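Since the structure comes first, as structure tokens, the remarks are kept for the end.
In what follows, chains carry the letters A, B, and so on, assigned in the order in which the sequence lines appear, proteins first and then strands, with residues in each chain numbered from 1. Everything quoted here is computed from the prediction, not taken from an experiment. Just so it is clear, the values below take in all heavy atoms, side chains as well, and ignore hydrogens, waters and symmetry mates.
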Protein chains: 2
Amino acid sequence: MGRRSDHTRDELKALFILEGWRLLAETGLSRFSARDVAKRVGYSIGTLYVVFGSLDGLLLSINARTLKLWSDFLAARLAENPPDRIAALVRGYFDFALQNPRTWMAIYEHHMADRGPAPDWYQEVAANLIAQVAEEIATVLPNASPSQLLTMARSLIATVHGHCAFAVYNTFDMLGENDPAGLALMRVRETLAAAKLASA
Amino acid sequence: MGRRSDHTRDELKALFILEGWRLLAETGLSRFSARDVAKRVGYSIGTLYVVFGSLDGLLLSINARTLKLWSDFLAARLAENPPDRIAALVRGYFDFALQNPRTWMAIYEHHMADRGPAPDWYQEVAANLIAQVAEEIATVLPNASPSQLLTMARSLIATVHGHCAFAVYNTFDMLGENDPAGLALMRVRETLAAAKLASA
DNA sequence: GAAATAATTGAGCACCGTTCAAAAAACAAT
DNA sequence: ATTGTTTTTTGAACGGTGCTCAATTATTTC
């Protein structure tokens, strides 16, 4: 039943996102349902649709929360001043994905269908991640141009992502592999070493 | 209405798979529906469920068809006797995915939910792909052990897959990148070169 | 207070995957 | 041919989904 003055619009939105995130973490995208989220928050399905417009809108906000958590997770790892910052990033990428498999997978499985490209703030988060990685690479390759750094960051993220996706989905028995994150890290080191050699 | 003697069970199964594959290619997994497949084939939804048991079963068979097409695609590329077989494999991986984005994506997006691991024949197809790649790597690294070759094959496939997934999903504006497949190929070459050096 | 405005609701719509008693078709025996 | 048996095919029915929007409820305004 209505609890009109209990929550502002923003509080209500945050409530839906938080509880939606939890449900997604429990059930995965295929069993996720807007009605369940509304029931858990204690508002009606109609209110949810007033706030988010569509299931896509809700899922987009939930994925944004996952990206934020992921970003914070990586920042926390770097804040520990690890001796090897590149290794910390790669391990962080894997650890977050393996600790939050369902919400992590939802980022990649939820397409905005026709609705064209992702919204600006979404693209911005992605650009930030690339820029941060490029920064770390810059300390290893001080002679690389900004555009070279961006391309390399994208390629290294893709490399790590491929290994991580296989590990999370357990494709090719990747988890049977002693250490998929270690494998990805080896690939990253090879690339950086090759770039270092080429620039010398 | 029934067309009982028009098709054997196997013909019927093949019909459902073919038409299902086409629908999947047109609509993508999120808009895919068993009723639509049945309607297109001209049999009832009930018959589809007798043949496949569930939507999961149908999708599994459709994904198997995609894997077969992909495998044939790669074999055809290699059959052209390209000067660089590794490059042919990487380009083939990308070209098939970009030419069949929806059916390719469905392979990775369709989880068997709880139903445990993928069926044996599915694992077998995966193992075959890894083995074939390992064979190609073996010609470049004649001194590597079989287990080293398998691990390297898995890692290189993961590397290529990561770049390809970003290209197909257009994550990080990967398609804005001049040549994502070329980028993946560079990473593969670096790894092979590093392995060659280490074994020398 | 009453009137106007804003927020919230949930039955209703068209669809989904899935089931299963009944109907239709094919076959077997006489 | 006719009957009985078996196999194949059907599609209405069930509980669920995303989504809408007239109607209800709560708040604010005067």
Problem set entry | In one Ile/Leu/Val/Met/Phe/Trp/Tyr side-chain cluster, 4.5 Å: B:L18, B:W104 |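 No, separate clusters.
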
Rounded to whole Å, please give me the gap between [atom1] in [X] and [atom2] in [N].
X: A:I45; N: D:dC21; atom1: CD1; atom2: C1'; value: 14 Å
X: A:H7; N: D:dA26; atom1: NE2; atom2: P; value: 15 Å
X: B:F32; N: C:dC16; atom1: CZ; atom2: C1'; value: 13 Å
X: A:Y49; N: C:dT9; atom1: OH; atom2: P; value: 15 Å
X: B:D56; N: C:dT19; atom1: CG; atom2: P; value: 12 Å
X: B:K39; N: D:dT10; atom1: NZ; atom2: P; value: 14 Å
X: A:L12; N: C:dA6; atom1: CG; atom2: C1'; value: 14 Å
X: B:L23; N: C:dC16; atom1: CG; atom2: P; value: 10 Å

For this session: Tell me, with the steps shown, if A:F94 and A:H163 meet ring pair (Phe, Tyr, Trp, His ring centres under 6.0 Å).
Result: CA-CA 9 Å; A:F94 269 76; A:H163 286 77; 7.3 Å; no

For this session: Mark yes or no for a side-chain to base donor-acceptor pair under 3.5 Å between B:R35 and C:dG17, with no hydrogen or angle criteria applied.
Result: yes

For this session: Please check the phosphate of C:dC16 (OP1 and OP2 only) for any side-chain N or O of B:S33 closer than 4.0 Å.
Result: yes

Problem set entry | side-chain N/O A:R31 vs C:dG17 OP1/OP2, d < 4.0 Å | no

Exercise. Ion pair present between B:D179 and B:R91, side-chain N to carboxylate O less than 4.0 angstrom?
Worked result: yes

Exercise. If you check the A:R9 side chain, which of C:dT9, D:dC19, C:dA7 turns out closest?
Worked result: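 The closest nucleotide is C:dA7.
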
Exercise. In terms of the nearest nucleotide of DNA chain D, which residue is placed more toward the 5' end: A:A34 or A:G46?
Worked result: A:A34

Exercise. If you measure only the distance, is there a donor-acceptor pair under 3.5 Å linking the side chains of A:W21 and A:T66?
Worked result: yes

Problem set entry | From NE2 (B:H110) to CG (B:L58), nearest 0.5 Å | 9.0 Å

For this session: With heavy atoms under 4.0 Å as the rule, sort A:T47 into base, sugar-phosphate or nothing.
Result: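 Base, at least one base heavy atom under 4.0 Å.
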
